[in-house]
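Written out below as structure tokens is the structure these notes cover.
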Amino acid sequence: VRHRNIVDVTDFVVLDDGTRFIVMELLGGISLGKWARSGIDMPRALAVLVQICDGLAAAHNVGVVHRDLKPDNIIIVPTSDGAELAKVLDFGVAKMLNREDEDVGFQTAAGSVIGTPAYMSPEQAGGMLIDARSDTYSLGAIMYELFCGQPMFRGRSFGEYVRKHLTEMPIPPRQTAGGHLMDPQLEALILKCLEKDPNQRFSHI
């Protein structure tokens, strides 16, 4: 996928011994999580989120679901004109939709579901079929953390995260210490992204 908000992969190489690697652009920036902790205002945060949505939309439009969207997989790069460019990274566990063979190996040999527990959708945490709306949930979890200053859920094990994603709603953002001044419309947007039922989320990123 070629898009200004997705890391550019320029080559895929297979060596004679079978070793495989990809060549990507070098990005001089910081992760979204570190960027958020540096102290940002609402306009900057929203501008970056729009770019993340643009990158995800480009992937979804060609049938690619990221499956591991999290702050560490988004890099904020300063540009020459003083702006900030968001780049979505690490499509290493991405899924091509409408490819039945892609579900083989959806779980690792140890039986754990692919993805990062704190940000995965209920359907992904439960090992069910996913589509682009799974990335919407993950983006909702990122926005919750970005604007509330705390993760949506805390868990001591993978199983605890799974249970919470499947059965619990997070504390409403405006009831958190960091989100108490949040605009009600932004809170409603975040909570819609975090609906348990994919059909109740936004149909498009």
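Note that the structure is predicted; figures quoted are calculated from it, not measured.
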Margin query: According to salt bridge (Lys or Arg N to Asp or Glu O under 4.0 Å), does anything in residues 196-205 pair up with another residue at least two apart or in another chain? List the pairs.
Written below: Glu123-Arg201
Check: Does Leu69 offer a backbone N or O that forms a donor-acceptor pair with the side chain of Asn73 under 3.5 Å?
Finding: no
Find out whether [X] and [Y] are in side-chain contact, i.e. whether some heavy atom of one side chain is under 4.5 Å from a heavy atom of the other.
X: Thr19; Y: Val14; result: no
X: Thr176; Y: Arg174; result: no
X: Phe21; Y: Asp11; result: no
X: Ile74; Y: Leu89; result: no
X: Thr136; Y: Leu194; result: no
X: Ile130; Y: Asp135; result: no
X: Leu139; Y: Ile205; result: yes
X: His3; Y: Asp54; result: yes

Check the hydrophobic clustering (I, L, V, M, F, W, Y; side-chain heavy atoms under 4.5 Å; chains of links allowed) and say if [X] and [Y] are grouped together.
X: Val48; Y: Leu186; answer: yes
X: Leu191; Y: Ile171; answer: no
X: Met169; Y: Met143; answer: no

Run the side-chain contact (heavy atoms from CB on, under 4.5 Å) test against [X] and tell me which residues pass, sequence neighbours left out.
X: Leu181; result: none
X: Thr10; result: Asp8, Val23
X: Ala83; result: Thr79, Asp81

Item checked: Evaluation steps, side-chain contact (heavy atoms from CB on, under 4.5 Å), between His66 and Val88 -> CA-CA 9 Å; His66 190 285; Val88 181; 3.7 Å; yes
For [X] and [Y], work out which heavy atoms get closest and say how close.
X: His165; Y: Ala125; result: CB-CB, 4.4 Å
X: Val65; Y: Ala132; result: CG2-N, 3.7 Å
X: Pro71; Y: Gly33; result: CB-N, 3.7 Å
X: Met120; Y: Tyr137; result: O-CE2, 3.2 Å
X: Ile190; Y: Pro173; result: CG2-CG, 4.4 Å
X: Ser121; Y: Ser134; result: OG-OG, 2.7 Å

Notebook entry, point to check: Is the number of heavy atoms from other residues, nucleotides or ligands under 6.0 Å of Lys34 NZ greater than 12?
Noted result: no
Margin query: Counting neighbours of CD1 on Ile30 that are heavy atoms of other residues, nucleotides or ligands and sit closer than 6.0 Å, is the number greater than 12?
Written below: yes
Residues in side-chain hydrogen bond (donor to acceptor under 3.5 Å, both in side chains) contact with [X], at least two apart in sequence or another chain:
X: Lys87; answer: Glu25
X: Glu187; answer: none
X: Tyr144; answer: none
X: Arg44; answer: Glu84

Notebook entry, point to check: Any ion pair linking Asp72 and Lys70 (charged N to carboxylate O, less than 4.0 Å)?
Noted result: no
Margin query: Working to the nearest 0.5 angstrom, can you tell me the gap between Asn5 CG and Ile75 CD1?
Written below: 13.0 Å
Margin query: Let me confirm one number: the CD-CZ distance from Gln200 to Arg133, rounded to the nearest 0.5 Å.
Written below: 10.0 Å
Next item on the list: Please identify each residue that fulfils salt bridge (Lys or Arg N to Asp or Glu O under 4.0 Å) with Arg163, with sequence neighbours left out.
Entry: Glu168
Note to self: Other members of the hydrophobic cluster containing Val50, with the 4.5 Å side-chain heavy-atom rule, please.
What the structure shows: none
Next item on the list: Would you mind listing every ring pair (Phe, Tyr, Trp, His ring centres under 6.0 Å) that reaches into residues 168-205, with sequence neighbours excluded?
Entry: none
Solution key, residues 145-157 side-chain donor-acceptor pairs under 3.5 Å, sequence neighbours excluded:
residue, atom, partner, partner atom, Å
Glu145, OE1, Tyr119, OH, 2.8
Glu145, OE2, Tyr119, OH, 3.4
Ser157, OG, Glu160, N, 3.1

